[in-house]
Amino acid sequence: MTRILIIGPPGSGKGTQAERISERLGVAAISTGDIFRANVKGETPLCVETKKYMDAGDFVPDRATNKMVRDRLSESDVEDGFLLDGYPRTTAQVDYLDEILADGNQRLDVVVQLTADDEELVARLLGRAKETGRSDDNEAVIRHRLDLYHEQTEAVVATYAVRGILTRVDGIGIVDEVTERVILAGQSFCLP
Ligand code: AMP
């Protein structure tokens, strides 16, 4: 049983690594960004409003995000473990996640932070923009998302470091190598 969180700046490859690691561990990956992207295709006012936040590189408000995570974590496929990708991103979300997990007598086993240099991340994301056409991959929005990571999400990383469940992994390199680094780092925290 594994409950793992992957955290990292935009462009650090956390989505790719989340998929690979969750497969290796046999647990479901829960990516708030993916769920939002799938949900905003509609025309309802909520979809349109959520998409505005995403396109601007801003955080979607907690009232929507927290509920979505609580609902997803109450599904039966994650009773025995999960991999969270992209949540929590603020210390308020850490508090909310703590509540959800405490309600189910659960806790995170390990938090893996993928690290990378800002300029490398901007270059990577500009490259990805050409391939995928993601609407939040232009330079101004990329830099805003990086600023938010530094301003808000690094405090989340610090919280888990104090709790003694944080491990840092260099996110630069060949995808396979980074996956091996994550698995190896996680093994010191009871990952199989
Ligand atoms: P990601 O794919 O993780 O980069 O997320 C894409 C976008 O989804 C972010 O820029 C936010 O607009 C939104 N999002 C994803 N996760 C969260 C979260 N935990 N809190 C608020 N907004 C989020």
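One is the number of the first residue; the rest follow in order along the sequence. As the structure lists them, so they are numbered: ligands from 1, and atoms in each ligand from 1.
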Residue K14 vicinity, atoms of ligand 1 by number, heavy atom under 4.0 Å: 3 (O)
Contact check: G86 vs ligand 1, nitrogen or oxygen atoms, below 3.5 angstrom: yes
Flag for T179-Q17: side-chain donor and acceptor within less than 3.5 Å: yes
E23 atom CD: more than 12 heavy-atom contacts under 6.0 Å: no
Among Q152, R89, H144, closest by any non-hydrogen atom to atom 4 (O) of ligand 1: R89
Nearest protein heavy atom with distance in Å, relative to atom 8 (O) of ligand 1: M54 CE, 3.6 Å
Selection from V60, L148, D62, D85 by shortest heavy-atom distance to atom 21 (C) of ligand 1: V60
Atoms in ligand 1 with a heavy atom of Y87 nearer than 4.0 Å: 19 (N)
Proximal ligand 1 atoms for Q93, defined as those under 4.0 Å from one of its heavy atoms: 18 (C), 19 (N), 20 (N), 21 (C)
Part of F36 within contact of ligand 1 (heavy atoms, under 4.0 Å): side chain
Presence of salt bridge, R70 and D103, under 4.0 angstrom: yes
Where ligand 1 meets D58 - atom numbers and elements under 4.0 angstrom, heavy-atom basis: 11 (C), 12 (O)
Numbering as shown, the atoms of ligand 1 that approach T32 to under 4.0 Å (heavy-atom distance): 15 (C), 16 (N), 17 (C), 19 (N)
More than 12 heavy atoms from other groups under 6.0 Å of CD on E43: no
4.5 Å side-chain heavy-atom contact, E177 and D170: no
R37 neighbourhood, listing ligand 1 atoms whose heavy-atom distance to it stays under 4.0 Å: 2 (O), 6 (C)
